[in-house]
Protein chains: 2
Amino acid sequence: MKSNQTTIVDIANELKISKSTVSRALTGHPSVKTETRARVLELAEKLDYQRNMLSISLITNKTKTIGIVLPEFITSFFPQVVVGAQEEAARQGYSVLISQCNESYETEVANSKVMLANRVDGVMVSLTKETLNYDHWKAFIRKGIPVVFFNRVCEEMMVPKVVVNDYDAAFKAVEHLISIGKRRIAHLAGPSSLVITRKRTNGYLDALKKHNIPVDEELIIGYDLTLNKVKMYVKHLVELDNPADALFAVNDPTAIEAIQVLKQLGKRIPEDVAVVGFSDNYGSNFIEPSLTTVAQPVREIGRNAMELLLGLMDKDISEWKPLIRTLDAELIVRNSTVKGS
Amino acid sequence: MKSNQTTIVDIANELKISKSTVSRALTGHPSVKTETRARVLELAEKLDYQRNMLSISLITNKTKTIGIVLPEFITSFFPQVVVGAQEEAARQGYSVLISQCNESYETEVANSKVMLANRVDGVMVSLTKETLNYDHWKAFIRKGIPVVFFNRVCEEMMVPKVVVNDYDAAFKAVEHLISIGKRRIAHLAGPSSLVITRKRTNGYLDALKKHNIPVDEELIIGYDLTLNKVKMYVKHLVELDNPADALFAVNDPTAIEAIQVLKQLGKRIPEDVAVVGFSDNYGSNFIEPSLTTVAQPVREIGRNAMELLLGLMDKDISEWKPLIRTLDAELIVRNSTVKGS
DNA sequence: CTGTTAGCGCCTTCAC
DNA sequence: GTGAAGGCGCTAACAG
């Protein structure tokens, strides 16, 4: 199965010179006669010669490829992170091998193997909601392949991470609800396996404490991000003897779902129940009422993670620093908490 | 720069046997003593040996990697196509190299070069809105690398394609508008460079013709999908002497933008202006009024394109058939055309 | 300035 | 059953 692609040998034969000279001319080595170089380049152009990265990778033991492993590809968050990451990668001459895991731990492990087999120079990872074991990522470190986490990070691994200040943002979001007079603030939390989720919950708890509002366990519901359960939870929360008058949702899809349910139940938003989300997803600005939420600098997250990762490329393992870059997330107040804002 | 990854040589040295035997044991060659194989496999497991695909690719001239080149990554459409494509690829043991082009022709060309340099076994492509020259993709065919287009296809290249019946769906969408009594049906069309866009426009035109509604050029606006222009266009359309009473938008983001503008202008939807979109994007079901639109089998598009592509893998160029697979798209009627439906 | 040699990690002959 | 040798396309080191 011979390739149809032009090789250095083809050019060398055609020009009746040695392969090394062709190689040198192609790689811009100074010690090549200008005329020889010109002839090589011309023929290469004519034959549409394309360097075979495979052989180069085999020699240099670098593929100039970065793996990006994502938990899902459905919400607009991760694709946009990829855009930022890819921009930075391209700028530094790297390609990107992407895989998404459908929120499945098994798939995450399988995808990590693919990355290894393809000899990526590093990986940028956000964990699935199921992931509790990190051996597959620790293996990368052991093999000298840098790992950078973003968004859904692994706390126990001492590697660079890019996150947003989930705690602060959640704190502010809940303070905002308090400031508009809400006291029975419910929280639809994400799975406790995710650090970001726990941070958001902590922000919620501390905001209540600061304002001397008793924490009512009844108002806190942890769930697995399966949207079709939201209806049941929201119904439960507003039908309590002492019902919720506000909802802080772990993310926007949850909040959007909740708004729809509340409307079905005939509740006024924000008068009866105010709602705050997290992420400023597509649609959050045009759902009615528009959703108060926390905006994350999505592309910047991707760009920063890639930057940190590529920064480790030429360094020895001993120089890797578990730098944590925290980006600012910002509360955007819309109509789901403040009428006509 | 030596790798930290275990190689066949490591195993051979450790076990004091030849590399070839190790290789045979690892690849499941029958002519290896059961005991030898067991020892090799055990050590490979212990050392977390991972085959180096690079060298195998170099030998077999196959990378088991498929390139996916997308025009953008912002709308939910393409990421979901990727999910379907990746599922099929994984099922057949292929990895996927993804790149998105920010709707830029230059970037598309650059990305195609990256795919070539990485020696992908094939590419799955959807064109940017700027792309009018296809030389970079024709080069793939010349080099014996199969190309399959989906969604935004290249008409002049005789390669497999996966599309939805844009014409039929547009036709039905416009007939639907006619059926609810609309006669001044405007069309916000996409750039004429895209085939899908032209097909949708043709469906629009023929539906009008079939129902003896005169085509008014004033009501047809072609634009470059830059959302911030929608406001101007919609305003223009409803302020005509003989204003539009319905709008068929080339895609959902456009339709959603239009709905927001119409509401700002105090128009009632659908009474004053009915709106139909295309694609059933995220958010189209919860914008108010909810958007009547054409739903595409997004994942299936990805799955089918990948299937067609992988089907060409072991075949000779002469056997490649320019098969066009057309999937059904379906009109979903919501409140932007029929109140309370 | 240019040619020759060796080798990246693996698999595939060809021998024994 | 196992070992030794050659080569995929390219670059780096060593000669001239």
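The chains referred to below are lettered A, B, ... by the order of the sequence lines, with proteins before strands, and numbering in each begins at 1.
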What side-chain donor-acceptor pairs closer than 3.5 Å can you find for residues 145-152 of chain B, not counting sequence neighbours?
residue: B:R152; atom: NH1; partner: B:E103; partner atom: OE1; Å: 3.0
residue: B:R152; atom: NH1; partner: B:E103; partner atom: OE2; Å: 3.3
residue: B:R152; atom: NH1; partner: B:L127; partner atom: O; Å: 3.1
residue: B:R152; atom: NH2; partner: B:E103; partner atom: OE2; Å: 2.9

Using whole Å, report how far [atom1] of [X] lies from [atom2] of [N].
| X | N | atom1 | atom2 | result |
| --- | --- | --- | --- | --- |
| B:D10 | C:dC8 | CG | C1' | 13 Å |
| B:K16 | D:dT2 | NZ | P | 17 Å |
| B:N118 | D:dG9 | CG | P | 17 Å |
| B:L54 | D:dC10 | CG | P | 14 Å |
| A:M53 | D:dC8 | CE | C1' | 17 Å |
| A:I11 | D:dG9 | CD1 | P | 13 Å |

Q | Sorted by number, the residues of residues 30-46 of chain A with heavy-atom contact under 4.0 Å to DNA chain D | A | none
Q: Identify whether any heavy atom of B:I17 sits under 4.0 Å from a base atom; if not, whether one sits that close to sugar-phosphate; answer base, sugar-phosphate or nothing.
A: sugar-phosphate
Q. Please, which pairs that meet side-chain hydrogen bond (donor to acceptor under 3.5 Å, both in side chains) have at least one residue in residues 33-44 of chain A, sequence neighbours excluded?
A. none
Q | Aromatic ring proximity B:F73/A:F73, centre distance under 6.0 Å | A | yes
Q. Between the two end axes of the helix from C:dC1-D:dG16 to C:dC16-D:dG1, each built from 5 base pairs, what angle do you get to the nearest 10°?
A. 50°
With sequence neighbours excluded, what pairs up with [X] under the side-chain hydrogen bond (donor to acceptor under 3.5 Å, both in side chains) test?
| X | answer |
| --- | --- |
| B:S318 | B:D316 |
| B:E108 | B:T131, B:H136, B:W137 |
| B:S18 | B:S20, B:T21 |
| A:K138 | A:E156 |

**Q.** Set of ring pair (Phe, Tyr, Trp, His ring centres under 6.0 Å) partners for B:Y94, sequence neighbours left out
**A.** none
Atom pairs and distances, donor-acceptor, side-chain atoms in residues 46-59 of chain A, under 3.5 Å, two or more places apart:
residue: A:D48; atom: OD2; partner: B:K143; partner atom: NZ; Å: 3.4
residue: A:N52; atom: OD1; partner: A:L54; partner atom: N; Å: 2.8
residue: A:S55; atom: OG; partner: A:N52; partner atom: O; Å: 3.0
residue: A:S57; atom: OG; partner: A:M53; partner atom: O; Å: 2.7
residue: A:S57; atom: OG; partner: A:K62; partner atom: O; Å: 3.2

I'd like a list of close polar pairs between nucleotides 10-13 of chain C and the protein, N/O only, cut-off under 3.5 Å.
residue: C:dC10; atom: OP1; partner: B:Y49; partner atom: OH; Å: 2.7
residue: C:dC10; atom: OP2; partner: B:I8; partner atom: N; Å: 2.7
residue: C:dC10; atom: O4'; partner: B:S55; partner atom: OG; Å: 3.4
residue: C:dC11; atom: OP1; partner: B:R51; partner atom: NE; Å: 3.4
residue: C:dC11; atom: OP1; partner: B:R51; partner atom: NH2; Å: 2.9
residue: C:dC11; atom: OP2; partner: B:S23; partner atom: OG; Å: 2.7

Q. Side chains of B:M313 and B:Q92: closer than 4.5 Å at any heavy-atom pair?
A. no
Q.
Test of understanding: with side-chain contact (heavy atoms from CB on, under 4.5 Å), list the residues that count as partners of A:S99, not counting sequence neighbours.
A. A:V69, A:N111, A:M115, B:Q86
Q. On DNA chain D, nearest-nucleotide positions of B:L58 versus B:S18: which is more 5'?
A. B:S18
